[in-house]
*Asks:* 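Just passing along the structure, written as structure tokens.
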Amino acid sequence: MIDKRVRSLADAVAGTPDGAVVLCAGFGGAGLPNALCEALIEQGARDLTVVANNAGTGRTGLAALLAARRVRRIICSFPRSAGSVVFEELYAKGEIELELVPQGIISERMRCAAAGLGGFYSPVSVGTRLADGKEHREIDGRIHVLEKPLKGDVALLAADRGDRWGNLTYRKSARNFNPTMAMAASLSIAQVRHIVELGEIDPEMVITPGIFVDRLVEVPV
Amino acid sequence: MIDKRVRSLADAVAGTPDGAVVLCAGFGGAGLPNALCEALIEQGARDLTVVANNAGTGRTGLAALLAARRVRRIICSFPRSAGSVVFEELYAKGEIELELVPQGIISERMRCAAAGLGGFYSPVSVGTRLADGKEHREIDGRIHVLEKPLKGDVALLAADRGDRWGNLTYRKSARNFNPTMAMAASLSIAQVRHIVELGEIDPEMVITPGIFVDRLVEVPV
Amino acid sequence: MPLNRRQIAWRAAQDLADGAYVNLGIGLPTMVADFIPADREIVLHSENGILGVGPAPGDNEIDWDLINAGKQPITLVTGGSYVHHTDSFLMIRGGHLDLALLGAFEVSEAGDLANWTTDDPSFPPGVGGAMDLAVGAKEIRVLVEHTTRAGAPRIRRQCELPLTAAGVVRRIYTDLAVIDVTAGGLVVREIVEDVDFPTLQARTEAMLRPAPDISVLRPPAL
Amino acid sequence: MPLNRRQIAWRAAQDLADGAYVNLGIGLPTMVADFIPADREIVLHSENGILGVGPAPGDNEIDWDLINAGKQPITLVTGGSYVHHTDSFLMIRGGHLDLALLGAFEVSEAGDLANWTTDDPSFPPGVGGAMDLAVGAKEIRVLVEHTTRAGAPRIRRQCELPLTAAGVVRRIYTDLAVIDVTAGGLVVREIVEDVDFPTLQARTEAMLRPAPDISVLRPPAL
């Protein structure tokens, strides 16, 4: 019997090792696994590398994890936003490393890892500082840079509905990075608003099939 | 006003040039754009390269297009199946070229084109005859081959429901190659069982967003 | 009189073709959504995974699961749909969008675009989707104030700031003019009523040339 | 007595772990679905875009939009889902499947697999998803008759036929034995009742070694 439901947030994030690469879903305020981020503080893993689009806002969720000094390095496209105060403080003091990656390349690199590929050639960032140090190659008359797969040890996800097999759905733009990050980590953990019976989700509407999900915990927010 | 509906199969395939690369969706008997393939015979384009998983069965659809001698070359993974008589005859007589590509690589190469990328490294086919002539490269201790994007001039699709914006849904395993091929061609044409009003398809259930579709025609089969 | 920001957005909106798929960048370009001519069906794309961005919701209709790239609540139009982020950028990078309207710090006469970092060391840089959009959309147009608050020109011979992409901008909408980037240099298509060409040139580092059919840019009061 | 094909499939099914995600290749492996032990929940993947393949439908329930990789009508189990083809192969290639059970023409003592072409010039070759599966699933096991109809061994020192992938097979289920591919060569885990080890070796080109705990393979009548 397949049952990926766990009873608590602590069970959900249990075993996250120090030094882990943590994929943290969400865009703006939508689809953020805030409860899981906060559970990770309690769990205690340190020296993390976080991959996320933004670098947290306010003092909750990812920002709380940053404030607890558990994150050595963040790979993201747009660290600043209204309320990214924790990140900005740490950055100004040189207490967090930032790797800036064009937004579409972050997700394409994660998909590349998810798909078992070794890398891809992309025209994005050619001629800019963000292409420095990357292998360049002309293909069909256009310059490309080689981008490498980006795999997570852990993915933290936020979904709307989920069942015991780990099938997930999202609401509206809260889908964002969740499906790709679910595929791209060794251990994918979802907080879901509603755990439903197996079969309640229409097979045509499953956005993340359970094969990509390892644990889910109900967090009705 | 966006209205991608056309009145007839002839209007749907109009303008397909000689020598076009035609992506032809379907797997086995599901999701096959048979009516569009047959309309292409009437339309008259010759010297086509067809990309498809199989090479047609019986005497209808893609097999009819082959029988009409409109296809110079077929790129596929599994040309033989029960009833692939037309292809087998042409192949035995040397009257059709076959480029055999591993099944997942066909669709990944089309996605690569759809995503605006220049190519990708894949471990599939390494050490086999199908890797002959491909660039090899070791990445993280594993040998990969470089695969190139595969773009269509035209895609022929079969969907279940569609609206005037070109949003499409599929039924069950008839989804197969349709969403990827829709993204990977300059001109994507769908035969759909039911044309519905804009808004009838739940936005969460749209599988192929209309941006990828250029024309659709109702074919209630 | 120079255009206000709403008027710049209005001017850019007038050029949108019926049926076009368009991405609006954060800031000034986002305002273009408010001025789309009523006779045209334009599909607005938001990088976080929305095709068919609609107007801002009423106060009672706000749904924080439905936001745009600027993280503001929006609505979805009839016919709109959701995709995941990687598919959203497949649309962007794969040439599926007809147009992206972007903001800029600087634009060069060659169409180089600088819009992602001012290199201020106290300020973490943020690139977002700018580089993906700049190389991926079929056409790039920029909305920008003609000069900085300090009066420095934003339309330059060469960009001083780090590039987002080279040679991609085709048209520039400013508070003073509409300018095309052509193989022969910058061509002024429209200029606001009370600014003459020498004045416009004086506020522009790059060399400008008037189009043979240059016209007056007269926005409505907005 | 050698196992019949249903018995080979039965034997392979006994090793499936509860909760495993498994792809069944065309032909003999497809039959494994009929023998999954009732106490285990196994999720069967079909390359055309199905996760959760169920049993064959009744005659009145056939839906030609729902077929497996072998193009036969199937059903979907509760909890199953559909994906498009590229995502289906992302699952395959990205190591998301625990196991693929494949057919073979030949397997070598190094675990090389040949299952896509016999090089018969009158016969167009077909690779399907074999190469993707062979390098992508976490583990590859093969179901194969021990010898060809003409009596030639299919388990070889080296494959004569063109390879599908090198060094990927970990276990071989035949009508005569269960054989593991190990760093130290081929190890026979189980052998059918009325065949002795020298006889098995005589029908195998590669060198075999009995496992210290070699046991008798006794399938039910099927």
Side-chain angles (χ1 to χ4, degrees), chain A residues 1-5 107-120 149-153 155 159 161-170 175 178-188 195-216, chain D residues 16-23 36-54 63 65-66 74-100 129 131-140 165 168:
Chain A
M1 161 128 165
I2 301 171
D3 191 353
K4 300 178 178 183
R5 295 170 297 180
S107 58
E108 191 67 25
R109 285 178 59 196
M110 291 188 289
R111 183 193 176 275
C112 181
L117 301 173
F120 60 90
L150 177 56
K151 187 169 168 69
D153 297 303
R161 293 191 298 155
D163 62 33
R164 68 175 171 87
W165 278 22
N167 293 310
L168 303 179
T169 66
Y170 310 93
R175 192 182 297 194
N178 283 287
T180 302
M181 289 182 169
M183 304 188 304
S186 305
L187 180 72
S188 291
I195 288 186
V196 300
E197 289 301 308
L198 197 69
E200 268 192 56
I201 303 175
D202 178 348
E204 303 278 10
M205 285 200 71
V206 170
I207 302 300
T208 294
I211 191 173
F212 298 123
V213 177
D214 298 287
R215 301 176 187 165
L216 67 165
Chain D
L16 298 179
D18 191 25
Y21 294 92
V22 180
N23 181 289
I36 292 171
D39 61 339
R40 299 178 216 170
E41 216 169 38
I42 308 290
V43 182
L44 298 178
H45 171 269
S46 186
E47 65 192 17
N48 48 325
I50 303 161
L51 202 61
V53 173
D63 180 344
D65 278 346
L66 183 50
I74 53 165
T75 55
L76 188 78
V77 298
T78 299
S81 57
Y82 304 108
V83 295
H84 65 59
H85 186 271
T86 310
D87 276 353
S88 177
F89 275 79
L90 176 151
M91 290 180 192
I92 288 174
R93 208 178 36 238
H96 304 283
L97 297 175
D98 297 300
L99 180 64
M131 289 188 183
D132 307 86
L133 283 160
V135 306
K138 283 189 192 125
E139 186 171 341
I140 303 295
V168 297

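To find a chain, count down the sequence lines: A is the first, B the second, and so on, and within it residues start at 1.
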*Asks:* Looking at D:Asp18, D:Thr86, D:Asp87, which makes the most heavy-atom pairs under 4.5 Å with chain A?
*Replies:*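 Of D:Asp18, D:Thr86, D:Asp87, D:Asp18 has the most heavy-atom pairs under 4.5 Å with chain A.
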
*Asks:* Is any residue of residues 42-50 of chain D within less than 4.5 Å of chain A by heavy atoms, and which ones?
*Replies:*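 Near chain A, by residue number: D:Val43.
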
*Asks:* What residue in A:Gly166, A:Ala184, A:Ala114 has the most heavy-atom pairs under 4.5 Å with chain D?
*Replies:*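 Highest number of pairs under 4.5 Å: A:Ala114.
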
*Asks:* Within a strict 4.5 Å, meaning less than it, do heavy atoms of the A:Trp165 and D:Val77 side chains meet?
*Replies:* yes

*Asks:* Looking at side-chain heavy atoms only, is the closest gap between A:Ile211 and D:Leu97 below 4.5 Å?
*Replies:* yes

*Asks:* Minimum heavy-atom separation for D:Met91 and A:Pro209, please, with both atom names.
*Replies:* CE-CG, 3.8 Å

*Asks:* Rounded to the nearest 0.5 Å, how far apart are OG1 of D:Thr78 and CD of A:Glu197?
*Replies:*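 Going from the OG1 atom of D:Thr78 to the CD atom of A:Glu197 covers 11.0 Å.
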
*Asks:* For the residue pair A:Met183 and D:His96, what are the closest heavy atoms and their distance?
*Replies:* O-CE1, 3.1 Å

*Asks:* How close do D:Ser81 and A:Asn167 get, counting heavy atoms only, and between which atoms?
*Replies:* OG-OD1, 4.2 Å

*Asks:* Could you have a look at A:Gly210, A:Gly116, A:Ala113, A:Ala115 and say which one has the most heavy-atom pairs with chain D under 4.5 angstrom?
*Replies:* A:Ala115

*Asks:* Does any backbone or side-chain atom of D:Tyr21 lie under 4.5 Å from a heavy atom of chain A? Answer side chain, backbone, both or neither.
*Replies:* side chain

*Asks:* Between A:Met205 and chain D, which part of the residue has a heavy atom less than 4.5 Å away: side chain, backbone, both or neither?
*Replies:*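 Neither; nothing under 4.5 Å.
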
*Asks:* So which of D:Gly52, D:Gly80, D:Gly136 has the biggest tally of heavy-atom pairs under 4.5 Å with chain A?
*Replies:* D:Gly80

*Asks:* Provide the closest heavy-atom pair for A:Ile2 versus D:Gly19 in the form atom of the first, atom of the second, distance.
*Replies:*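 That would be CG1-CA, 3.5 Å.
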
